[in-house]
Amino acid sequence: MATAFSVQSGVSGAATAAVTTRPVTQPAAAKPNIVFVLTDDMSSNLLPYMPQVQKLQSQGTSFSDFVVSNSLCCPSRSSILTGEYPHNTGVLSNEGPNGGFNAFHDNGLEKDTFAAALKAKGYRTAMMGKYLNGYDPQATVDGQQPYVPQGWSQWDVVGNGYPEYKYKLAHNHTIEPHGKKNKDYLTDVLSKKGQSFITKSAAANKPFMLEVALFTPHGPSRPARRDKKDFPGLTAPQGPAFDKLPTNAPPWLARQNPLTRSEKNTIDKKFRKRAQSLQAVDKMLGKLRQTLTRAHVADKTYVVFSSDNGFHLGEYRLKAGKQTAFDTDVRVPLVIAGPGVAAGRTSHAQVSNIDFAPTFEEIGGAAVSSRVDGHSMLPLLDGRPAAGWRTANLIEHRHAQQAPDDPDNHGTESISPPNYRAMRTNSYTYVEYDSGAKEYYNLRTDPDELHNIAGRLSRARLAKLHTALTRLRKCQGDGCWSAGHP
């Protein structure tokens with residue numbers, strides 16, 4: 001891409017934007033509850049192994065074109081919390097000066113989360129599980145140890161929870177050590193804490209917002225011991241893109257060699273462990289919903305299930321990883337059930353992770369700041385057509401050399417593509433790299449993204465695409481809504 005990505009301009013622009021607010025259509029007196037279950041690195045091809053999520057789908061609305069703003073844990077979760085694109089949060093990676101918890105904290109974003117907005121409206125708010133890469137319960141931040149960001153009434157967060165056992169959990173301002181017994185399995189611990197939070201909040205007659213952010217199925221994808229033998233012989237799906245290069249692949253991808261038999265066997269084992277590790281998550285979802293029913297608040301609670309990003313396993317000759325603009329990495333599950341939500345419906349609206357924060361804020365009757373790039377999804381939930389909704393989503397990626405201890409290193413298998421920005425609509429994905437390379441996939445005739453036809457587009461068409469993408473990658477606040485209608 002010809003124009004360099006500017007972190008400084010995005011952050012300063014966000015900081016100096018006028019603090020005006022959008023009108024709230026949800027009556028302030030109506031305060032439903034929210035339970036948000038967020039998985040880590042979950043690809044859509046794992047849904048068949050999650051019966052409780054399938055039940056939620058039958059009782060709510062699924063989104064077929066939900067796209068993340070950046071297919072990497074920390075930038076995506078920053079967008080989820082704030083409703084802002086990465087170029088406005090300034091959180092572009094998992095670590096370093098522009099990444100991780102430190103960047104989120106140093107950029108002053110904790111005051112702009114949906115949690116802060118909902119707590120100000122009288123909600124009890126709880127964060128459980130994974131917060132942002134680099135958060136350490138044992139570190140002292142702003143004089144606190146463990147540090148609890150503003151906006152959260154209850155804080156049950158782990159730093160390194162990927163092993164699922166032998167971790168330290170920050171329970172508000174105290175540390176709870178956990179060992180390697182069955183009762184210490186992290187997903188189960190979070191499930192019990194989530195159930196308790198719901199029960200106590202309902203008993204107190206307080207509206208509540210609970211986010212349970214899991215570490216699974218992210219590698220090492222450790223299942224609970226009871227699930228280790230599930231799905232014997234399960235192998236990874238081998239769709240049309242498996243072990244195939246797109247025609248006219250960009251240089252970074254074109255040099256990938258065909259997968260070896262050993263690599264394919266490793267991919268099968270990884271996929272099986274991913275499915276196994278999600279069994280505890282699926283069980284947790286069912287128990288949380290049962291708790292809502294027992295507490296007599298199920299009919300006034302939105303239950304949201306999603307992931308921070310997708311994952312590829314063998315597609316396009318890529319082993320374990322994410323960070324590309326392919327649908328395997330950016331299009332992830334999103335299911336919402338709750339008051340007035342159409343049951344058993346699939347919406348094809350172009351929604352994004354920047355839409356969570358304004359949706360949750362509107363549910364709680366909080367004003368949505370004009371700094372927020374996303375839009376409330378409430379108008380899409382009652383089964384009516386998505387008239388006037390955005391038609392394009394922005395995807396951003398900043399290449400980073402992965403440190404050996406980066407949990408997204410995936411044993412050196414993962415590849416971080418060069419810097420790119422992409423625009424995804426319901427009919428195409430268009431990608432521009434800093435090098436000048438381009439990709440264009442016609443999703444209607446080529447849904448598996450196997451034929452890059454950017455070189456066949458006219459100069460006029462490429463110029464229009466570049467202009468539209470430039471508007472998106474520079475947009476801020478309300479301007480992102482208009483930029484999303486190229």
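The chain is numbered in sequence order, starting from 1. It should be emphasised that the depicted structure is a prediction, and the values quoted were computed from it without experimental measurement.
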In the structure I gave you, are the side-chain heavy atoms of [X] and [Y] within less than 4.5 Å of one another anywhere?
{"X": "Lys270", "Y": "Phe311", "result": "no"}
{"X": "Glu396", "Y": "Leu394", "result": "yes"}
{"X": "Leu214", "Y": "Leu38", "result": "no"}
{"X": "Glu164", "Y": "Pro223", "result": "no"}
{"X": "Pro75", "Y": "Asn94", "result": "yes"}
{"X": "Trp389", "Y": "His348", "result": "no"}
{"X": "Arg331", "Y": "Asp65", "result": "yes"}
{"X": "Leu81", "Y": "Leu109", "result": "no"}

Quick check against the 3.5 Å criterion: does [X] have a side-chain atom that pairs as donor or acceptor with the backbone of [Y]?
{"X": "Asp112", "Y": "Ser369", "result": "no"}
{"X": "Thr291", "Y": "Lys287", "result": "yes"}
{"X": "Asn88", "Y": "Tyr85", "result": "no"}

Could you verify whether a donor N or O on one side chain and an acceptor N or O on the other, from [X] and [Y], lie under 3.5 Å apart?
{"X": "Arg289", "Y": "Gln59", "value": "yes"}
{"X": "Tyr430", "Y": "Glu432", "value": "yes"}
{"X": "Asp41", "Y": "Asn309", "value": "yes"}
{"X": "Arg274", "Y": "Ser43", "value": "yes"}
{"X": "Gln195", "Y": "Ser191", "value": "yes"}
{"X": "Tyr135", "Y": "Lys130", "value": "no"}
{"X": "Arg124", "Y": "Ser201", "value": "yes"}
{"X": "Asn419", "Y": "His399", "value": "no"}

Applying side chain to side chain contact (heavy atoms under 4.5 Å, CB included), run through Lys322 and His218 and close with a yes or a no. CA-CA 11 Å; Lys322 50 207 177 189; His218 191 293; 3.9 Å; yes
Decide yes or no on side chain to side chain donor-acceptor pair (under 3.5 Å) for Asn353 and Ser79, but give the supporting numbers first. CA-CA 6 Å; Asn353 56 353; Ser79 289; 4.6 Å; no
Salt-bridged, [X] to [Y], with N to O below 4.0 Å?
{"X": "Asp282", "Y": "Lys55", "value": "no"}
{"X": "Asp448", "Y": "Lys244", "value": "no"}
{"X": "Arg371", "Y": "Asp478", "value": "no"}
{"X": "Asp188", "Y": "Lys283", "value": "no"}

Across all chains, not counting sequence neighbours, the ring pair (Phe, Tyr, Trp, His ring centres under 6.0 Å) partners of His485 are Trp481
So, using ring pair (Phe, Tyr, Trp, His ring centres under 6.0 Å) as the criterion, who are the partners of Phe356 when residues are at least two apart? Phe36, Phe66, Phe360
Go through Leu186 and Val158 one step at a time and tell me if the side chain to side chain contact (heavy atoms under 4.5 Å, CB included) criterion holds. CA-CA 9 Å; Leu186 179 56; Val158 177; 3.9 Å; yes
Report, as yes or no, whether the 6.0 Å neighbourhood of atom CG on Asp299 holds more than 12 heavy atoms from other residues, nucleotides or ligands. yes
State the [atom1]-[atom2] distance between [X] and [Y], to the nearest 0.5 angstrom.
{"X": "Gln323", "Y": "Ile415", "atom1": "CD", "atom2": "CD1", "result": "10.0 Å"}
{"X": "Asn33", "Y": "Lys206", "atom1": "CG", "atom2": "NZ", "result": "12.5 Å"}
{"X": "Ser307", "Y": "Leu46", "atom1": "OG", "atom2": "CG", "result": "9.5 Å"}

Given Val332 and Ser306, is the side chain to side chain contact (heavy atoms under 4.5 Å, CB included) satisfied, shown in steps? CA-CA 7 Å; Val332 298; Ser306 192; 4.3 Å; yes
Measure centre to centre between the rings of [X] and [Y], then say whether the value is under 6.0 Å.
{"X": "Tyr316", "Y": "Phe326", "answer": "yes"}
{"X": "Phe197", "Y": "Trp152", "answer": "no"}
{"X": "Tyr441", "Y": "Tyr428", "answer": "no"}

Indicate the atoms forming the closest heavy-atom contact of Arg421 with His397, along with that distance. NH1-O, 4.4 Å
Please assess Tyr49 against Leu278 for the test side chain to side chain contact (heavy atoms under 4.5 Å, CB included), listing each intermediate value before the final yes or no. CA-CA 8 Å; Tyr49 308 98; Leu278 283 170; over 6 Å; no
